[in-house]
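Below is one structure, written out as structure tokens; comments come after it.
Sequence positions, counted from 1, serve as the residue numbers for this chain.
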Amino acid sequence: MSLRGLLWVMVAALLLYGAWQGLRALAAGRATRNDAAGKPDGIGQSRNTDTDDEADDSDGFDYAPSAPSTPYVSPSPQPQSQPLRAEPAEGDVFRLDLEIQRLRRELEDMRTALGDHQEEIGALNDELRTLREQIETAFAGQGAAPQYSEALVFARRGLAADAIAERCDISVAEAELVRALAARGSGGNA
């Protein structure tokens with residue numbers, strides 16, 4: 001055989017090898033598409049058996065690009081009124097339930113404490129009012145006659161002369177005089 005004949009044999013062998021690799025790539029692409037659709041390929045074998053056979057004689061190259069399982073669909077924009085939320089995993093739901101229960105207990109404890117504090121503030125206001133009245137009574141008794149000390153306290157509270165006269169059993173004129181003294185005393189102190 002001549003050199004020319006040898007070259008033709010080598011070219012034929014290369015063409016056969018190229019055709020065989022092309023067919024192999026087509027079969028691998030068809031198996032990938034069928035795998036994505038969940039169907040076995042035309043030979044009756046699934047992709048997994050196909051890859052097991054190829055793993056033995058493959059040289060590490062994947063000849064056919066893998067086809068996407070679903071065609072690309074651009075995401076539709078979400079309406080602004082509904083924020084995107086990821087659904088929590090089952091373990092996360094339990095943890096979140098526990099957290100909510102703990103927060104509710106803390107909130108109830110805070111409400112109870114707030115009610116207690118409001119009652120204490122009310123009691124302190126009552127005590128302050130009582131102490132203020134005692135101080136007014138003590139100051140009123142220092143510079144006035146004993147029969148007019150109560151009238152002076154009522155006058156400082158702003159009662160009318162008729163009401164003071166009726167409560168303290170004094171005349172209306174005396175009650176007006178006590179009111180004038182109380183106004184002068186508070187004006188001089190201020």
Side-chain angles (χ1 to χ4, degrees), residues 1-136 157-158 189-190:
M1 206 179 218
S2 69
L3 183 60
R4 188 178 211 174
L6 189 59
L7 282 176
W8 281 111
V9 169
M10 288 180 73
V11 166
L14 282 174
L15 285 174
L16 284 175
Y17 180 75
W20 180 70
Q21 289 294 335
L23 288 174
R24 191 171 156 205
L26 287 174
R30 188 176 320 130
T32 303
R33 281 190 301 265
N34 288 339
D35 242 9
K39 304 177 206 168
D41 60 1
I43 301 173
Q45 296 176 343
S46 70
R47 173 87 170 120
N48 293 338
T49 12
D50 229 340
T51 55
D52 289 343
D53 292 340
E54 288 178 21
D56 294 337
D57 62 328
S58 175
D59 52 359
F61 292 107
D62 187 14
Y63 294 103
S66 61
S69 60
T70 56
Y72 176 75
V73 177
S74 64
S76 61
Q78 293 290 330
Q80 294 293 337
S81 62
Q82 294 180 353
L84 295 175
R85 287 192 229 162
E87 291 296 322
E90 188 172 324
D92 290 340
V93 170
F94 180 71
R95 184 181 55 80
L96 291 173
D97 277 345
L98 287 177
E99 178 93 10
I100 288 171
Q101 289 175 2
R102 182 185 63 82
L103 290 172
R104 285 183 178 158
R105 280 192 305 268
E106 284 181 14
L107 180 63
E108 190 60 36
D109 291 344
M110 288 181 182
R111 285 182 180 159
T112 304
L114 178 64
D116 293 343
H117 289 275
Q118 287 176 339
E119 287 177 13
E120 287 178 22
I121 289 171
L124 288 173
N125 281 337
D126 291 342
E127 286 181 35
L128 182 62
R129 191 175 306 113
T130 304
L131 289 173
R132 197 173 280 151
E133 289 173 3
Q134 289 175 354
I135 290 172
E136 285 178 2
R157 288 188 188 165
N189 291 339

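At least one side-chain heavy atom of Q134 sits less than 4.5 Å from a side-chain heavy atom of L131. Contact annotation: the side chain of I121 never approaches that of Q118 to less than 4.5 Å [non-hydrogen atoms, C-beta and beyond].
In this structure, CD on E119 lies 10.5 Å from CG on L114, to the nearest 0.5 angstrom. A distance of 10.0 Å separates CD of E133 from CG of L128, quoted to the nearest 0.5 Å. Considering CG of L103 and CG of L96, their distance stands at 10.5 Å, rounded to 0.5 Å. One distance of note links NE2 of H117 with OG1 of T112; it measures 10.5 Å at 0.5 Å rounding.
Partner of E99 under the side-chain hydrogen bond (donor to acceptor under 3.5 Å, both in side chains) criterion, chosen from Q101, R95, R102: R102.
Here E108 does not pair with R104 in a salt bridge; the nearest charged N to carboxylate O distance is not below 4.0 Å.
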